[in-house]
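Let me begin by presenting the structure, written as structure tokens, before commenting on it.
Read the numbers this way: they start at 1 and go in the same order the structure lists the ligands and their atoms.
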Amino acid sequence: MADQYDYDVLVIGAGPGGYVAAIRAAQLGLRTACAESRETLGGTCLNVGCIPSKALLHASELYEEATGGHLAKFGVNFQGVSLDLDQMHAEKAKAVKELTGGIEFLFKKNKVTWLKGRAAFQDAHRVEVGGQVVTAKDIVIATGSSVTPLPGVAIDQKVVVDSTGALALPKVPEHLVVIGGGVIGLELGSVWRRLGAKVTVVEYLDQILPGFDGEVRKESAKLFKKQGFELMTGTKVTGVTVEGDRASVQVEPAAGGEGQVLAADAVLVAIGRKPNIDGLQLEAAGVALTERGQVGIDHDFRTNVPGIWAIGDVAPGLMLAHKAEDEGVAVAENIAGQTGIVNHDVIPSVVYTMPEIAGVGLSEEAAKAKGEVKVGKFPFMANSRAKTNRDTDGFVKIIADAQTDRVLGVWIVSSLAGTMIAQAAQAMEFGATSEDIAYTCHAHPTHSEAMKEAAMAVQGKPIHI
Ligand code: FAD
Ligand code: NAI
């Protein structure tokens, strides 16, 4: 009997996974509470992740456009452009406040109770939150992730920062050294480079952006270098020392060899994120972890303990907000006795640099490891709208099964890649072939025509190249 509990559902964590799960559970008629220890709702994504980073990416792009002379060829000349970094941070904070406040409004509208404080399990149905013990029939762990520390490198949020510190630097660094050539390093590196910093990215692997298609990784590296990024791939950081407001970053080839020291006034540590389980007392409920320290779940998001579920960054899979959100909907539906499903093979990834870099499904390397494939590629250099906008960097690449023609993966490097990838995800969700995309009418002149042409290229018959 659910009534023996204070709530039908208790969600722990109000990030994109948790707040969405709580709202959906309430929509389905379940008495729902959500425990969150932060001052505001929305988790990493709204407070110190997706939203503030995109606000700074947008603002810094405007600044670079205004100062870089790129608009002169369109006949748009600027004089006396200056940077007001405090105002840039203020506008970012406003966007964050509006959006986190929006979640509070949605909680009230859907009658989700916000339990303020840190949650810790007492047993499988009892959780202590901020000094009070509450009971729930079902509990969803959605505690998210936090920065992976680099041994020997102390984050002081002044000279050596993590992503949260890098979103709030009070002045533009002269030289920012980024440790980790992944998504955070490239997005936040772009922000500070556009605002005037020299940016050096130190990446352990031979290429930036692990997990992305090989050709996309190479093309992206080429474009970032053209923008002025220094990319030190195949290089490891062996230590960072700070004296006053300067840092010395010791690096050496990953394979071993002679080292060197990089002098910097800011260092960003961005080598990945780890699941948040500290202090949750999972052992009191008997919840098992995977080898990598995530909360272990099955296909339906159930942990090993009946009535306890997990979603989002704390569980296995891509650490992305939209993946967490979709899992939030699905877990609530499963708890309510419906069939909630997330297709983890079709989760788009977007890097919000300029150009943007996006992908969904398999890389060419991963697809080839599974069987024979056909690949179609179309460069934006041959796309009329991209040419009109003088915005011709990048390409669309479609990977299809050689026998069935079913689309297995789509990769895009383009100013509009993040928006364009939705079409590819939907096509793949509907089981499309490359021919289906090729015979879909796309409006002219748009960047999206490159998707159609890449699909035609899978059959070897693009029109415009
Ligand atoms: P989180 O958003 O981490 O939320 C978990 C919440 O649980 C937190 O608010 C935390 O305070 C709370 N919590 C933890 N433990 C407890 C406890 N014991 N008791 C109570 N509350 C607790 N993803 C994208 O898809 N697109 C992007 O553009 C993007 N940009 C990013 C930029 C940056 C700089 C960073 C760091 C991340 C970015 N991400 C992005 C990743 C995205 O933020 C995460 O994938 C997403 O927030 C995961 O959602 P979640 O609900 O699983 O966890
Ligand atoms: P990441 O996993 O994307 O990249 C980390 C990089 O650091 C990798 O290239 C890795 O090889 C490298 N690395 C690891 N150890 C190293 C070392 N000792 N020295 C040098 N390099 C090292 O992780 P990142 O950038 O920290 O982001 C974390 C997660 O946040 C991402 O995986 C992503 O899921 C999410 N995110 C998503 C965004 C988006 O969707 N646009 C934006 C920002 C973050």
For ligand 2, the portion of Val202 having any non-hydrogen atom under 4.0 Å away =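 Backbone only.
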inquiry  = Residue-level breakdown please: for Glu187 versus ligand 2, do any non-hydrogen atoms fall below 4.0 Å on the side chain, on the backbone, on both, or on neither?
reply    =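 The side chain, only.
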What's the shortest distance from [atom] to any protein heavy atom, and which residue and atom give it?
| atom | value |
| --- | --- |
| atom 38 (C) of ligand 2 | Val183 CG1, 3.3 Å |
| atom 18 (N) of ligand 2 | Leu150 CD1, 3.5 Å |
| atom 29 (C) of ligand 2 | Arg273 CD, 3.9 Å |
| atom 7 (O) of ligand 2 | Gly180 CA, 3.3 Å |
| atom 19 (N) of ligand 2 | Ile179 CG2, 3.8 Å |
| atom 44 (C) of ligand 2 | Ile184 CG1, 3.3 Å |
| atom 16 (C) of ligand 2 | Ile271 CG2, 3.5 Å |
| atom 34 (O) of ligand 2 | Met319 O, 2.5 Å |

Inspect the surroundings of [atom1] in [X] and state if more than 12 heavy atoms from other residues, nucleotides or ligands are less than 6.0 Å away.
| X | atom1 | answer |
| --- | --- | --- |
| Asp206 | CG | no |
| His58 | NE2 | no |
| Glu39 | CD | no |

Please check whether [X] reaches ligand 2 - meaning an N/O of the residue sits under 3.5 Å from an N/O of the ligand, judged on distance alone.
| X | result |
| --- | --- |
| Val350 | yes |
| Leu209 | no |
| Tyr352 | no |

Closest non-hydrogen atom pair between Asp300 and Asp298, with its separation =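 It is N-OD1, 2.8 Å.
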request  = Taking all non-hydrogen atoms of both residues into account, name the closest pair between His447 and Ser414 and its distance.
outcome  =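 In this case the closest contact between His447 and Ser414 is CD2-OG, 3.8 Å.
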Are there any N/O pairs under 3.5 Å between ligand 1 and the protein, and if so, what are their distances?
residue: ligand 1; atom: 2 (O); partner: Thr44; partner atom: N; Å: 2.9
residue: ligand 1; atom: 3 (O); partner: Thr44; partner atom: OG1; Å: 2.6
residue: ligand 1; atom: 9 (O); partner: Glu36; partner atom: OE1; Å: 2.8
residue: ligand 1; atom: 9 (O); partner: Glu36; partner atom: OE2; Å: 3.0
residue: ligand 1; atom: 9 (O); partner: Arg38; partner atom: NE; Å: 3.0
residue: ligand 1; atom: 11 (O); partner: Glu36; partner atom: OE2; Å: 2.7
residue: ligand 1; atom: 18 (N); partner: Ala119; partner atom: O; Å: 3.1
residue: ligand 1; atom: 19 (N); partner: Ala119; partner atom: N; Å: 2.8
residue: ligand 1; atom: 21 (N); partner: Ser37; partner atom: N; Å: 3.4
residue: ligand 1; atom: 23 (N); partner: Ala321; partner atom: N; Å: 3.4
residue: ligand 1; atom: 25 (O); partner: Ala321; partner atom: N; Å: 2.8
residue: ligand 1; atom: 25 (O); partner: His322; partner atom: ND1; Å: 3.3
residue: ligand 1; atom: 28 (O); partner: Lys54; partner atom: NZ; Å: 2.6
residue: ligand 1; atom: 30 (N); partner: Cys50; partner atom: N; Å: 3.4
residue: ligand 1; atom: 30 (N); partner: Lys54; partner atom: NZ; Å: 3.3
residue: ligand 1; atom: 45 (O); partner: Asp313; partner atom: OD1; Å: 2.9
residue: ligand 1; atom: 45 (O); partner: Asp313; partner atom: OD2; Å: 3.2
residue: ligand 1; atom: 45 (O); partner: Met319; partner atom: O; Å: 3.2
residue: ligand 1; atom: 45 (O); partner: Leu320; partner atom: N; Å: 3.2
residue: ligand 1; atom: 45 (O); partner: Ala321; partner atom: N; Å: 3.4
residue: ligand 1; atom: 47 (O); partner: Cys45; partner atom: N; Å: 3.4
residue: ligand 1; atom: 51 (O); partner: Pro16; partner atom: N; Å: 3.3
residue: ligand 1; atom: 51 (O); partner: Gly17; partner atom: N; Å: 2.9
residue: ligand 1; atom: 52 (O); partner: Asp313; partner atom: N; Å: 2.9

query = Can we say Lys222 and Glu219 salt-bridge, meaning some charged N sits less than 4.0 Å from an Asp/Glu carboxylate O?
reply =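 A salt bridge is present here (some side-chain N lies under 4.0 Å from a carboxylate O).
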message = Quick one: does any side-chain atom of Thr235 pair with a main-chain N or O of Thr233 as donor and acceptor, under 3.5 Å?
response =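 Pair found, side chain donor or acceptor close to backbone of Thr233.
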inquiry  = Could you go through Glu98 and Lys94, starting from their C-alpha distance and side-chain angles, then the distance that decides it, and tell me whether this counts as salt bridge (charged side-chain N to carboxylate O under 4.0 Å, His left out)?
reply    = CA-CA 6 Å; Glu98 282 169 14; Lys94 211 166 146 199; 5.0 Å; no
Would you say [X] and [Y] make side-chain contact, with heavy atoms under 4.5 Å?
| X | Y | result |
| --- | --- | --- |
| Phe107 | Ile23 | yes |
| Gln227 | Arg194 | no |
| Val342 | Ile347 | yes |
| Phe121 | Ile139 | yes |

message = If you take the nearest heavy atom of each of Gly182, Ala321, Gly152, which one is closest to atom 4 (O) of ligand 2?
response =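 When every heavy atom of Gly182, Ala321, Gly152 is considered, Gly182 comes closest to atom 4 (O) of ligand 2.
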message = Yes or no: does Leu205 have any heavy atom under 4.0 Å from an atom of ligand 2?
response =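 The answer is yes: ligand 2 sits under 4.0 Å from a heavy atom of Leu205.
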inquiry  = If we only consider heavy atoms of Glu203, is any one of them less than 4.0 Å away from an atom in ligand 2?
reply    =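 Flag set, Glu203 near ligand 2.
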inquiry  = Would you say atom 32 (O) of ligand 2 makes contact with the protein, given that contact here means a non-hydrogen protein atom less than 4.0 Å away?
reply    =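 False for atom 32 (O) of ligand 2.
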ask   = Tyr5 ring centre to Lys137 NZ or CZ under 6.0 Å, with the angle to the axis within 45°?
value =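 Judged by the rule, Lys137 and Tyr5 form no cation-pi pair.
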message = As a quick check of understanding, evaluate side-chain hydrogen bond (donor to acceptor under 3.5 Å, both in side chains) for Thr40 and Asn47, giving each step before the final call.
response = CA-CA 8 Å; Thr40 46; Asn47 289 284; 2.5 Å; yes
ask   = Which of parallel (below 30°), tilted (30 to 60°) and perpendicular (above 60°) describes His344 and Phe301?
value =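 His344 vs Phe301 ring planes: perpendicular.
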Leu320: numbered ligand 2 atoms lying under 4.0 Å from its heavy atoms =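 So the answer, numbered in order with elements, is 34 (O), 37 (C), 40 (O).
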